[in-house]
Amino acid sequence: MTTRHIQNLIDGAWVGDPVKERRNPAADDDVVAVTPVSDPGVVEEAVTAARRAQPGWAVLPAPARGAILMNAADILRRRHGEVARDLVREEGKTLAEARGEVQRAIDVLRYFGSEGWRLGGQVLPSATPDTMVYTRREPLGVVGLITPWNFPIAIPAWKMAPALVSGNAVVIKPADVTPVALHHLVAALVEAGLPAGVLNVVHGPGRSVGEALVGDTRVSGVSFTGSTEVGMRIHHVVGARRGRVQLEMGGKNALVVLDDADAEAAARVAAVGGFGLTGQACTATSRVICTPGVRERFMAAIAEQAGRYRPGDGLGDGVLMGPVVTEQQLAADVAAVQKARADGAEIVAGGEEADGLLFPATVLDGVRPDSAAARDEIFGPVIAVLEAGDLDEAIDLVNDSRYGLTAGICTRSLSAAQHFAHSAQVGVVKVNRPTAGLDLNVPFGGTKDSSTNTFREQGPTAVEFYTWSKSVYLGWD
Ligand SMILES: NC(=O)C1=CN([C@@H]2O[C@H](COP(=O)(O)OP(=O)(O)OC[C@H]3O[C@@H](n4cnc5c(N)ncnc54)[C@H](OP(=O)(O)O)[C@@H]3O)[C@@H](O)[C@H]2O)C=CC1
Ligand SMILES: O=C(O)CCC(=O)C(=O)O
């Protein structure tokens, strides 16, 4: 297996000594990558380079910027298999999940590449004679992107692509443990013709490099995906200088299963949302709320599903669930299940016994709404099952959370589905579909502690975060 020697990208040059190892979570003897451990001085250089490059990039016609994203998509497509295997090795996804994520990054580049032909404003009537009014979208300037390990190529792609096509220069700090997938994306953009300095990458710890990026007053906007704790801190720092902030943080996403649902189908939906991606998605199904008539059938079906998601090396045949990403995340998963047991939950599948970083798909029954298992994000393959008397009680439970990212319902009733869709205090509602898994052309974001609930990511609205609106009055005599 190849070890990737990865460097920072500053002003078009690959620099920095790769010293820090990342090992495969499924095979500790497999060194996937070595990366630099940068200090805040490197961030300073990166932002300086970005500042220098941005005006030249912004005056290129938007279709020319978009064409570079399109070229990068083609380059990445040719490397699809190699990138997907590296992604399995560094993050622990299954090969099918990794292939899907790489394809998503390619499609995101294509989508925003073609946005280059559509970026524009509005033409409006003026109250003044012989005057035309139109709006333009101006880039913010230099934007900082801070990304997590759980979608190490798709999330950087869906932040970078709208930022770049709308004329910004970018400095990105990827998650420390997953440098390789991002490197493939960045290499494709460089080979596709991105001018030096327009995209800069700094590897290193969040608490030093990430903080330096967030704290640099030349950075006009920061887009972050990760924990609520770090996100809130970023909001505080960037907000204090009236910078623009976009945060995608945690979730405690619930799936409601009503009496009229097909219990087996609902269990499959819950398992894809809760155990797929090893439960390591902010959109993962973390709570299932059953009404009494379906509960018994659902419990039998979800226990059977948990048995199918036996954890293993994501490169292995037929493996539906890969390992947990790190020891640190494993410790959090184990502690959450132990706490749930101590709080009186019954473990009907899985449990806290891990084999290395292989953690079993776990189902907790009899979870009290006020307990940690019902309230705190776990970020592992753990589903807490709660009971509600009827749909309205279920909706109250869904909304009784500090988070508001996604929610789902399994039902055959159109009116129940509609009532739920309109009452759930979340950014994304799914009916008879897993809470995780998003279309790249659809706005994404949440409410409450899940998001800044202002600028949505993905889809046509994504460029709004990276631009501001200017109104031009054009008069003639
Ligand atoms: N919403 C989501 O999709 C995600 C949520 N999470 C949640 O967060 C928990 C912890 O995961 P973790 O990876 O530690 O998440 P973090 O929020 O710590 O990390 C996310 C990103 O922020 C960086 N970062 C960390 N500290 C700072 C800081 N002080 N200033 C600026 N940037 C910083 C990280 O860098 P570095 O990697 O170097 O620490 C990483 O690039 C998970 O258990 C899960 O609950 C995690 C990942 C994604
Ligand atoms: O569910 C998805 O497809 C995306 C999830 C996501 O954005 C995240 O976990 O950060």
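When a ligand or atom number is given, it counts from 1 through the structure's own listing order. Below, each value reflects all heavy atoms present in this structure, side chains not excepted, and no hydrogens, waters or symmetry copies.
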Discussion item. Could you check whether Arg99 pairs with Glu101 (Lys NZ or Arg NE/NH1/NH2 to Asp/Glu carboxylate O, under 4.0 Å)?
Written reply: no

Worksheet item: Is the closest basic N to carboxylate O distance between Asp376 and Lys252 below 4.0 Å?
Response: no

Practice prompt. Measure from atom 19 (O) of ligand 1 to the protein's non-hydrogen atoms and state whether any distance is below 4.0 Å.
Written response: no

Worksheet item: Quick one: does Phe151 get a heavy atom under 4.0 Å from ligand 1?
Response: no

Item to complete: Please work out whether any backbone atom (N, CA, C, O) or any side-chain heavy atom from C-beta onward of Pro205 is under 4.0 Å from ligand 1, and answer side chain, backbone, both or neither.
Response: backbone

Discussion item. Between ligand 1 and Ala281, can you find any atom pair, the residue atom being a heavy atom, that is separated by under 4.0 Å?
Written reply: no

Worksheet item: For the ring pair (Phe, Tyr, Trp, His ring centres under 6.0 Å) test, which of Phe444, Phe465, Tyr466 pairs with Phe455?
Response: Phe465

Worksheet item: Is atom 35 (O) of ligand 1 in close reach of the protein, with a heavy atom under 4.0 Å away?
Response: yes

Worksheet entry | ligand 2 contact by Arg104, heavy-atom criterion under 4.0 angstrom | yes

Worksheet item: Would you say the ring centroid of Phe379 lies under 6.0 angstrom from that of Trp149?
Response: yes

Practice prompt. Consider ligand 2: state whether an atom of it lies below 4.0 angstrom from any non-hydrogen atom of Trp158.
Written response: yes

Worksheet entry | Trp14 and His183 aromatic centres sub-6.0 Å | yes

Practice prompt. Could you tell me whether Arg85 and Glu91 have a side-chain N and a carboxylate O separated by less than 4.0 Å?
Written response: no

Item to complete: Considering only NZ, NE, NH1 and NH2 on the basic side and carboxylate oxygens on the acidic side, decide whether Arg375 and Asp400 come within less than 4.0 Å.
Response: yes

Item to complete: For Thr225, counting its heavy atoms only, list the atoms of ligand 2 lying under 4.0 Å from any of them.
Response: 10 (O)

Discussion item. Any salt bridge linking Asp176 with Lys20? Criterion: basic side-chain nitrogen under 4.0 Å from a carboxylate oxygen.
Written reply: yes

Worksheet item: Do any N/O atoms on Glu377 end up under 3.5 angstrom from N/O atoms on ligand 1?
Response: yes

Worksheet item: With only distance considered, is Trp149 within less than 3.5 Å of ligand 1 through an N or O on each side?
Response: yes

Worksheet item: Would you say Pro174 contacts ligand 1, with heavy atoms under 4.0 Å as the rule?
Response: yes

